[in-house]
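Hydrogens, waters and symmetry mates play no part in the numbers below; they use all other heavy atoms, side chains included. Just so we're on the same page: letters track the sequence lines, and every chain starts at 1.
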Number of protein chains: 2
Amino acid sequence: MLLAREDAIIQSVNRLLAEKGFDAMTVDEVAADVGIAKASLYKHFPSKEDLAAAAMVSVMRQAQAFLDALAAESSAVDKLRSVVAWTMGLKLAGEMPSLPSQNSSLRATLMGNKDYVNGLMDVSDRLGAWIELAQSQGVLNPKLPPVAVLYTLYARACDPVLEFLQVGQLYTNDEIIALVLTTCFEGLESR
Amino acid sequence: MLLAREDAIIQSVNRLLAEKGFDAMTVDEVAADVGIAKASLYKHFPSKEDLAAAAMVSVMRQAQAFLDALAAESSAVDKLRSVVAWTMGLKLAGEMPSLPSQNSSLRATLMGNKDYVNGLMDVSDRLGAWIELAQSQGVLNPKLPPVAVLYTLYARACDPVLEFLQVGQLYTNDEIIALVLTTCFEGLESR
DNA sequence: GTCTATAGGAGGATAGAC
DNA sequence: GTCTATCCTCCTATAGAC
């Protein structure tokens, strides 16, 4: 019961974070969306920052599960493409929380959350291994620092290009994903 | 005198917007940074949103001046690279205001500001012409919709990859710009 | 653990004197 | 146009009854 309720809370937080961002999301909205009183929310999570952290932990777990299910697939670069496509699908579906990278109290809470930090490290390690493998195979540009590649992939999760193309109404979500996958991996120049 | 003071205000707003973002920036901070009282600020600009809009107009004018100075240069794609590099340099120098794309009152003010809207349209038209020219020359991938290319270039101005690489301390600003220019135009895959 | 009610504070905007 | 002082709204967080 308690877990089910907390799952419902996290789901609401996730959606509201994706829709309005951390600053614009209010705890009153979350409580109203879940259908409980604000004070009850604070019995489950001690602060707004912890609400956001719980949402991020949830997304991180989903990412880890996606990586697990990917283990049998073909090449390293194909796995990377799949992960990025999945991430962009989440964002286009309005399920990718957007947090300001500048808010210091939020960063402190996130970095103090072991579940989040461990999840992030695990995901980064696995992606990093695939990146270096793909570089050694000559599929990814070996001159790029692996960390720059990793950040470039992470950045697809908060890419404004996605929402710009989405509001334009000219392309379906799948077309947008295919488009941005192309620009990300193949670049803007002709091959 | 009045123009000089308003320039000083815009400069402070620009820096604070780049450093903290729109939501975290307070009007009190702006007033303190300029060295005048908050009420005096409101004699120059009617709202916080208008402060941000004035900063964006200022950046847009700088962009137009940069485009003007570029007219004699070589190929279309080289001009695009130059513009993107200039934009990233602004961001790395902490002079690129960062606005939330979700804040509706801010968007309303921006879209109601003729200087901003006209500047944005002018810049977009000029970049769009170079994009289509480069595509017809076969230098940029002709299969990409020009608007997707335009958004991809604009997105470099708020790319979190830049700040992530910058806090890592491993690369100079020039190296970061070169790196992201490569991933943007040539992609992550080997050529 | 849920509620109603409220404390407490931050921050955008204004009043009114000079 | 600049100042000081203040208003007022919004929002996070908590008190205290049940």
> Using a cut-off of strictly less than 4.0 Å between a heavy atom of the residue and any atom of DNA chain D, enumerate the qualifying residues of residues 20-33 of chain B by number.
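Nothing qualifies; none.
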> With a 4.5 Å limit on heavy-atom distance, are the side chains of Gln137(A) and Val77(A) in contact?
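Counting from C-beta outward, Gln137(A) and Val77(A) never come under 4.5 Å.
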> Do the side chain of Asn118(B) and the main chain of Lys114(B) share a donor and acceptor less than 3.5 angstrom apart?
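At least one qualifying donor-acceptor pair exists.
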> Output the rounded distance in Å from CD (Glu49(A)) to P (dC11(D)).
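From Glu49(A) CD to dC11(D) P: 15 Å.
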> Atom NZ of Lys38(A) to atom P of dT14(D): distance rounded to whole Å?
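Between P of dT14(D) and NZ of Lys38(A): 11 Å.
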> Is a donor on one side and an acceptor on the other found under 3.5 Å between the side chain of Lys20(B) and the backbone of Thr26(B)?
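It does not hold such a pair.
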> Among dC3(C), dG12(C), dC3(D), which is the nearest nucleotide to the side chain of Ser40(A)?
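Of the options given, the side chain of Ser40(A) lies nearest dC3(C).
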> Under a 3.5 Å cutoff on both atom distances, Watson-Crick or G-U, what's the dot-bracket for DNA chain D ([ ] crossing, | other strand)?
||||||||||||||||||
> Is the number of heavy atoms from other residues, nucleotides or ligands within 6.0 Å of CD (Gln102(B)) greater than 12?
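More than 12 within 6.0 Å, yes.
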> When you compare the protein's N or O atoms with those of nucleotides 16-18 of chain C, which come within less than 3.5 Å of each other, and at what distance?
none

> Can you give the donor-acceptor pairs under 3.5 Å from side chains of residues 149-159 of chain B to other protein atoms, not counting sequence neighbours?
from, atom 1, to, atom 2, distance (Å)
Thr152(B), OG1, Ala148(B), O, 2.7
Tyr154(B), OH, Ser124(B), OG, 2.7
Arg156(B), NE, Thr152(B), O, 3.1
Arg156(B), NH1, Asp159(B), OD2, 2.5
Arg156(B), NH2, Thr152(B), O, 3.3
Asp159(B), OD1, Val161(B), N, 2.9

> Check the distance between dG1(D)'s P and Arg5(B)'s CZ and give it to me in whole angstrom.
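My rounded result for the distance is 10 Å.
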> Quick one, Asn113(B) and Thr109(B) - any side-chain contact, counting heavy atoms below 4.5 Å?
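Result no, sub-4.5 Å side-chain heavy-atom pair not found.
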> Rounded to whole Å, how long is the line connecting atom CG of Leu41(B) with atom P of dA13(C)?
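Rounded to whole Å, this separation is 11 Å.
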> Starting from C1' on dG11(C), measure out to NZ on Lys48(B) and report it in whole angstrom.
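One finds 8 Å between C1' of dG11(C) and NZ of Lys48(B), rounded.
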> Rounded to the nearest angstrom, tell me the gap between atom CZ in Phe45(B) and atom P in dT14(C).
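Those two atoms, CZ and P, are 16 Å apart.
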> Given 3.5 Å as the limit, does a donor-acceptor pair link the side chain of Ser190(B) with the main chain of Leu140(A), or not?
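Yes; judged by distance alone, with no hydrogens or angles, the pair exists.
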> Is there a path from Met121(B) to Leu127(B) through hydrophobic residues (I, L, V, M, F, W, Y) whose side chains come within less than 4.5 Å of each other?
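Yes, same cluster.
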> Which donor-acceptor pairs under 3.5 Å do the side chains of residues 55-72 of chain A make with protein atoms, sequence neighbours left out?
from, atom 1, to, atom 2, distance (Å)
Gln64(A), NE2, Asp122(A), OD2, 2.9
Asp68(A), OD1, Arg126(A), NH1, 2.8
Asp68(A), OD1, Arg126(A), NH2, 3.3

> Considering all heavy atoms of both residues, which atom of Glu186(A) and which atom of Arg191(B) are nearest to each other, and what is their separation?
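That would be O-NH2, 3.0 Å.
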> Please answer: with hydrophobic residues joined when any side-chain heavy atoms are less than 4.5 Å apart, are Leu133(B) and Leu144(B) in the same cluster?
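Unlinked, Leu133(B) and Leu144(B) end up in two clusters.
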> Can you sort out which residues in residues 102-110 of chain B have a heavy atom within less than 4.0 Å of DNA chain D? Ascending by number, please.
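None, since no heavy atom is under 4.0 Å.
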> Compare side-chain N and O positions of Tyr42(B) against OP1 and OP2 of dA13(C) and report whether any pair is under 4.0 Å apart.
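Answer yes for this pair, as a side-chain N or O of Tyr42(B) is under 4.0 Å from OP1 or OP2.
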> Roughly how many Å is it from CG in Leu16(B) to C1' in dG11(C), rounded to a whole number?
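After rounding, the reported distance stands at 15 Å.
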> Using atom CD1 of Ile36(B) as one end and atom C1' of dT4(D) as the other, report the distance to the nearest whole Å.
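Answer to the nearest Å: 14 Å.
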> Does the side chain of Val123(B) come within less than 4.5 Å of Val83(B)'s, by heavy atoms?
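Not touching, per the 4.5 Å side-chain cut-off.
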> Side chains of Lys143(A) and Thr182(B): does their closest heavy-atom pair fall under 4.5 Å?
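Not in contact.
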> So do the side chains of Asp23(B) and Phe22(A) get within less than 4.5 Å of each other, counting heavy atoms only?
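They are not in side-chain contact.
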> Can you tell which of dG1(D), dA13(C), dT12(D) lies closest to the side chain of Leu2(B)?
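Taking heavy atoms from C-beta onward, the closest nucleotide is dG1(D).
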